[in-house]
Amino acid sequence: MSVLEQTEQKLKQVISDAIVKTGLVGEDFPEIMLEKPKDKAHGDFAANIAMQLARLAKKAPRQIAEAIVAEIDEDEAGIEKIEIAGPGFINFFMKDDFLLQVIPMILEQNEDYGKTDAGKGERIQVEFVSVNPTGDLHLGHARGAAYGDVLSNLLEAAGFKVEREYYINDAGSQIDNLGLSVEARYLQELGHEADMPEDGYYGQAIIDIAKKIIEEDGDKWVEKSHEERFEYMKEYSLKASLANIERDLKDFGVVFDNWFSERSLYKDGQIDEAIQKLEAGGYIYEKDGATWFKSTEFGDDKDRVIIKSDGTYTYLTPDIAYHKNKLDRGFDKLINVWGSDHHGYVARMQAAIQALGYPEDKLEVKIIQMVNLFEGGEKVRMSKRTGKAVSLRELMEEVGIDATRYFFVARSNDSQLDFDMDLARSQSNENPVYYVQYAHARICTMLEQAEKKGFDVDADYDASLLTTEKEQDLLKKLGEFPQTVTDAAKHHAPQRLTNYVLELASLLHSFYNAEKVLDEDAPDRTNARIALMKAVRITIANGLKLLGVSAPKKM
RNA sequence: GUCCCGGUAGCUCAGCUGGAUAGAGCAACAGACUUCUAAUCUGUAGGUCGCAGGUUCGAAUCCUGCUCGGGACGCCA
């Protein structure tokens, strides 16, 4: 538990005790909420409990506030002073020493600063990307990849046990189309006439795979029967496609613990098992020659076919089996990261979870809204089919990994994202990524300077010498880091971390311009400031690491 | 037609379990480099939080209706 949290907990307890002592209300009153006011004039913590109790106690909020304050033991909670303000806020100004513990704690925890045990080791599986292996990853996939990865990092830091999984759709008709597409490209490349399948994949990746086969085997497949050729091309391109995806993701900094094959569900009879489970619950019926899942029982719009009249499964069927498999693996919680085009699919999946006998909240689906790409002020249309889509690979090459990842998680997952290529590419002050990285680099070179100038960067220091407003602001911000990480994790909101890191960088730059750190004439203060700088550096580095963004020592 | 997401400064967006005077970056304007990195800082200006009701001591935040933009609604995957 961080210093800040400890202080907060204690304060809550003291307030709670005081309320009981006033005798205004019984033992049963709302939980005490403390907020950190934006305005420093409102203290370090503010409580709104007096307003909340107004109705219960049938008294004016300010009167209640006064009664509570009268009962508060200031020394016990380390309170400097208390003020009652506005409609009935109780503002607490804490003694400074609670901030002084921040630096030693950060220096000691170092790379672990920010980690908490809030998740209590709960097992969470995050399934993300899971793109059909039929071509390159595009913009939308990249956003999902960045989001899923940073979310996983955050959950890990917050004390959850996280497993990252990629579900490979390697069993459906899209894989046949992939095989047919590669076959057509193969023949075309060798100068033969061949039509692409109707739902073929037109991306460059497909052509590259065909070329690779020619490189390896020459024209030996031209002679073979279509069946033999197709079968080979299908399996080959599936493997090649997956390898591409895995490599692109790895280069993007995204590594999965588990790649789960849809085909494995067929092999082990898991699909039949899942259907039987639904049947046992009475959620299955026959109509028009097909087998239906009664998903409307759990709030879905309409029932869903799981076995078509031709005897084959719909997309949903193996997916139900897949989720059953996941749940059987004993995760406390499943998180799926899906593209916005799949949002209509959420209700039926939630229904399936419940029909399988699990509570609805076992599965949480995070929908990633669309990415619109802009370049030169023009909207760039992205489509896997046209082959003109901007791929993750291109993005990494043109914009860089750091900026791409940062931009993708800096916005809430459920608002659409306008990705400005020119801005992300620009290595200038317009780009927030560099702003944060620059703060880190600045401290690094400063510490280097310190050593050159003969300061002992590991000297003992007296943190109570950090009395200027900017120093205090920095200390306060540093202390909030662990809480920010857990909040971002619990709300599945990585953008809270990008915001935090940006704010911390801003405070650092502001301090840097106002105060000189290395000052021969004030060695004690210099030692204290060096310690502060080290703490800031560690915190920025830890934040960037969670984002998967590098923390350069020089820029 | 039904459902999902969004509408906040000129632009792109934050805004927590409802709190005090709605924030940041960019763009605009005025300043700061003989100094530990000016990829920085300081200041100015910029708002009917889509609209209308409701709940509340208090609403950008919660509820209802409307509106605009995007998306999804298959025995496709």
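In this text the structure is predicted, and so the values were computed from the model without any measurement. Convention: sequence-line order gives letters A, B, ...; per-chain numbering from 1.
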Output the single nucleotide from B:A72, B:A77, B:C13 whose closest atom is nearest the side chain of A:T314. B:A77
May I ask you to check whether A:Q495 and A:Y147 show a side-chain donor-acceptor distance below 3.5 Å? no
Give a yes/no verdict on base stacking between B:A20 and A:F89: centres under 5.5 Å, planes within less than 30° of parallel. yes
Which nucleotide in the list B:A77, B:C4, B:A39 gets nearest to the side chain of A:Y315? B:A77
Run the salt-bridge test on A:K81 and A:E83 with the 4.0 Å N-O cut-off and return the result as yes or no. yes
I need the NZ-C1' distance between A:K554 and B:A39, as an integer number of Å. 16 Å
Decide ring-ring contact (aromatic ring centres under 6.0 Å, His included) for A:F408 and A:F419; before the verdict, give the C-alpha distance in whole Å, the side-chain angles of both, and the deciding distance to 0.1 Å. CA-CA 8 Å; A:F408 277 146; A:F419 192 96; 5.2 Å; yes
Do the side chains of A:F293 and A:D300 get nearer than 4.5 Å, heavy atoms only? no
I want to verify a distance call: between B:A14, B:A77, B:A38, whose nearest atom is closest to the A:R411 side chain? B:A14
Between P on B:U17 and NE2 on A:H492, what's the gap in Å once rounded to a whole number? 13 Å
Going by modelled atom types, is there a donor-acceptor pair between the base of B:C36 and the side chain of A:T445 at under 3.5 Å? no
Separation of A:H509 atom NE2 from B:C41 atom C1', in whole Å? 10 Å
Can you tell me, in whole Å, how much space there is between the C1' of B:C5 and that of B:G50? 15 Å
Rounding to the closest angstrom, what is the interatomic distance between B:C63 and B:A24 at atom P? 28 Å
Nearest-nucleotide wise, let me know which of A:L34 and A:H342 is further upstream toward the 5' end of RNA chain B. A:L34
I need the CZ-C1' distance between A:F408 and B:C13, as an integer number of Å. 16 Å
Nucleotide of B:U17, B:C75, B:C57 approaching A:V305 most closely (side-chain heavy atoms): B:C75
Between B:C13 and B:G19 - P atom distance, rounded Å: 23 Å
How close or far is atom P of B:C75 from atom CD1 of A:I284, stated in whole angstroms? 15 Å
Would you tell me if any nitrogen or oxygen in the side chain of A:Q416 comes within less than 4.0 Å of OP1 or OP2 on B:G7? no
Ignoring the backbone of A:Q449, work out which of B:A72, B:U37, B:U17 is nearest its side chain. B:U37
So do A:M555 and A:H440 actually touch side chain to side chain, heavy atoms under 4.5 Å? no
Tell me whether A:D44 contacts the main-chain N or O of A:M94 through its side chain, where contact means a donor paired with an acceptor under 3.5 Å. yes
Looking at B:A20 and A:H42: do their rings stack (centroid distance under 5.5 Å, interplanar angle under 30°)? yes
Taking B:G46 as the reference, what is the distance to B:C26 when you measure between their C1' atoms (whole Å, please)? 13 Å
P gap between B:A22 and B:U61, integer Å: 15 Å
For nucleotides B:C33 and B:G69, find the distance between their C1' atoms and express it as a whole number of Å. 46 Å
Looking at B:G70, B:C73, B:C57, which one has an atom nearest to any side-chain atom of A:M51? B:C57
Tell which nucleotide pairs with B:U56, taking only Watson-Crick or G-U wobble pairs whose two distances are both under 3.5 angstrom. none
May I have the distance from A:R348 (atom CZ) to B:A72 (atom C1'), rounded to whole angstrom? 10 Å
With rounding to the closest Å, how many angstrom separate the P atoms on B:G7 and B:A60? 14 Å
Separation of A:R496 atom CZ from B:A14 atom P, in whole Å? 12 Å
How far does the P atom of B:G53 sit from the matching atom of B:G15, given to the nearest Å? 27 Å
Side chain A:N91 and base B:A20 donor-acceptor under 3.5 Å: yes
Check: A:D414 side chain, B:G6 base, donor-acceptor under 3.5 Å: no
B:C68 glycosidic torsion: syn (within 90° of 0) vs anti: anti
Does A:Q174 use its side chain to pair, donor to acceptor, with the backbone of A:N169 at less than 3.5 Å? yes
Would you mind telling me which of B:C4, B:C36, B:C76 lies closest to the side-chain atoms of A:K308? B:C76
Of the candidate nucleotides B:A38, B:C16, B:C13, which contains the atom at the shortest distance from the side chain of A:D487? B:C16
Nucleotide B:U42, atom P - distance to CG of A:L508 in whole Å: 12 Å
Have a look at A:A85 and say if it touches a base, only the backbone sugar-phosphate, or nothing, with a 4.0 Å heavy-atom cut-off. base
Is there a side-chain contact between A:H323 and A:I353, using heavy atoms and a 4.5 Å cut-off? yes
Here's a test of your reading of the structure: between A:R442 and A:N169, which maps to the more 5' nucleotide of RNA chain B? A:R442
